[in-house]
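Below: one structure, written as structure tokens.
Because the structure is predicted, anything quoted here is derived from the model rather than measured.
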Amino acid sequence: MSYSRPIFILAMAVSMMVSALNPSLAAEPVKAQKSTPRSEFFSYETREDASAGAIINSQYFKSIRNRTDENGVCATTYFTPYAMGDRNVFFRCDGGAGAYEIFVNDRLAGGSSDTQTPSEVYISPYLVDGLNQVRIEAREPGKALAVESMYEEPMLVMGGNSFFISQPKVYIEDFDICTTPDSTGNHGLLDLHIVVRNSSRADQKLSLGWDIYDPKGKLKTYDLRELEMAPGERDTVRFHNIIYSTAKYLWSAENPNLYALTMYIKQYGSITEYVPFTVGWGTTRYADGVITRNDTPIEIKAVEFTPKYNLPMSEQIKALKRKGYNTIYLTMPAQIGLYAACNREGMYVVDCPTLYTDAKGGDRSRSNGTSFNDPTLLDEVLHRTLAMQRRTRNYACVIAWSLARGGGNGYNLYKSYELLHSLDTLRPAVYREAEGEWNSDIELPAPATLK
């Protein structure tokens with residue numbers, strides 16, 4: 001892939017650190033935990049469903065169909081059979097739902113102040129056996145609105161992009177994929193780091209495995225590791241393997257070849273979860289003002305883009321390619337299907353967090369003269385930046401990280417630039433409003449505007 005291997009401990013430490021930086025935010029309306037940002041993926045019960053991406057077939061997936069009423073409240077139920085005590089249940093909102101709080105059986109479980117970035121709330125501690133009453137309430141973003149004041153604030157919209165999902169108590173929590181050529185350039189080196197967590201109250205023995213198939217469906221290699229984990233333990237398991245003949249199937253926008261990687265956990269003689277991911281082989285780098293993919297400079301033909309969620313993502317990307325574009329500058333985080341479509345169809349992406357303000361009239365000579373120079377908003381800026389990077393870092397299509405859509409410059413964006421480079425030393429961090437300051441690695445071509 002196109003980034004150096006991030007350090008999981010660093011990412012989690014940053015998440016905790018930024019919360020401690022700004023105790024004033026503790027007074028905001030959202031009182032519950034912010035989940036640690038991680039890759040967005042699904043856990044499947046069978047390999048067939050994992051290969052097909054058929055999460056709707058899972059008994060552990062429940063889409064929220066209820067609509068939001070005039071008071072900004074979505075009420076629904078969630079049934080928890082006794083057997084679900086062996087699983088961790090999450091509420092997920094796949095972006096664009098507005099700021100919200102979620103209550104389970106009248107207890108606040110969590111929420112999000114970011115109106116666009118997909119969010120996840122761990123709700124198992126609030127569930128009871130049988131029928132649970134769930135209420136998702138729209139809320140005022142509070143101070144967080146200051147870092148996205150130029151977006152048109154969406155109404156709380158549930159149904160279609162929000163759901164309940166679960167994973168076993170011993171589960172794959174996250175993963176990092178790094179793909180590089182060997183010394184000959186003909187073969188590849190796969191560095192796969194998988195974070196496994198034992199959230200049960202007992203010692204656990206398990207097997208952590210994976211396999212990878214090339215774009216023609218040929219098994220390239222597989223590996224398996226035996227583990228013993230204490231209650232509550234989290235472990236990062238590192239694999240380093242040679243994958244032969246990868247030079248034939250490098251990923252680029254012109255040739256979007258994809259390998260099929262499947263990770264899995266086996267316990268008690270059976271596989272308890274499968275986690276699939278499609279890998280675009282190769283490396284993205286930047287140097288001397290140029291972004292390269294597999295050492296070939298990318299001639300960026302860009303358009304600023306906000307996807308339409310009522311149309312198939314692949315069709316939208318194909319339409320852009322027919323118009324001659326090969327790169328999209330996102331204006332906000334997109335639903336995960338957009339990145340998957342860009343991987344499949346061959347479209348480069350400059351990803352962007354939900355950060356967009358009007359800096360006109362701002363005074364950067366004062367620490368709080370603009371939103372991006374206000375230290376009381378640093379926690380919010382860094383959390384959104386971290387959520388963006390951790391979520392889509394494994395996608396080949398992502399060639400750069402944008403600090404924000406716009407809103408002037410300042411201390412908060414200096415720190416977000418440093419955060420991004422602590423996690424990814426290969427892909428550039430860019431900001432079109434840096435105006436020559438040091439926190440933008442390259443100057444991207446101006447994008448076209450869709451009509």
Are [X] and [Y] in a cation-pi contact, defined as NZ or CZ under 6.0 Å from the six-membered ring centre and within 45° of the axis?
X	Y	value
R405	Y329	no
R225	F239	yes
R38	F90	yes

Take a 6.0 Å sphere around [atom1] of [X] and say whether it holds more than 12 heavy atoms from other residues, nucleotides or ligands.
X	atom1	result
L219	CG	yes
E254	CD	yes
K62	NZ	yes

So that I can tick it off, tell me whether [Y] and [X] are bridged by a salt bridge, with the cut-off set at under 4.0 angstrom between side-chain N and carboxylate O.
X	Y	answer
R139	E137	no
R393	D176	yes
R391	D174	no

In a check of side chain to side chain contact (heavy atoms under 4.5 Å, CB included) between [X] and each of [options], which one passes?
X	options	result
F42	R92, Q167, E273	R92
I265	I271, V275, V196, L227	V196
I399	D351, T284, L444	T284

Exercise: identify the closest heavy-atom pair between A400 and R427: N-CD, 4.3 Å
So, does [X] use its side chain to make a donor-acceptor pair with the main chain of [Y] at under 3.5 Å?
X	Y	answer
D182	L189	no
D379	L382	no
N66	C74	no
R384	T354	yes
H187	I243	no
S402	A404	yes
N412	D374	yes
D94	Q335	no
N326	M347	no

Results of salt bridge (charged side-chain N to carboxylate O under 4.0 Å, His left out) for K415 - residues two or more places apart only: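 Expected list: E418.
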C178 side, atom SG; L190 side, atom CG - distance, nearest 0.5 Å: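 Between C178 SG and L190 CG, I get 8.5 Å after rounding to 0.5 Å.
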Using 0.5 Å steps for rounding, measure from the OG1 atom of T385 to the CG atom of L423.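 Answer for the OG1-CG pair, T385 versus L423, is 10.5 Å.
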Can you confirm whether Y274 sits close enough to E45 that some side-chain heavy atom of one is under 4.5 Å from a side-chain heavy atom of the other? no
Taking side-chain hydrogen bond (donor to acceptor under 3.5 Å, both in side chains) as the cut-off, I'd like each qualifying pair that reaches into residues 298-318, sequence neighbours left out, listed once. E304-R432, T306-T331, S314-R344, S314-E345
Ring pair (Phe, Tyr, Trp, His ring centres under 6.0 Å) partner of F61, chosen from F163, Y44, Y78: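 Testing each of F163, Y44, Y78 against F61, the sole residue satisfying ring pair (Phe, Tyr, Trp, His ring centres under 6.0 Å) is F163.
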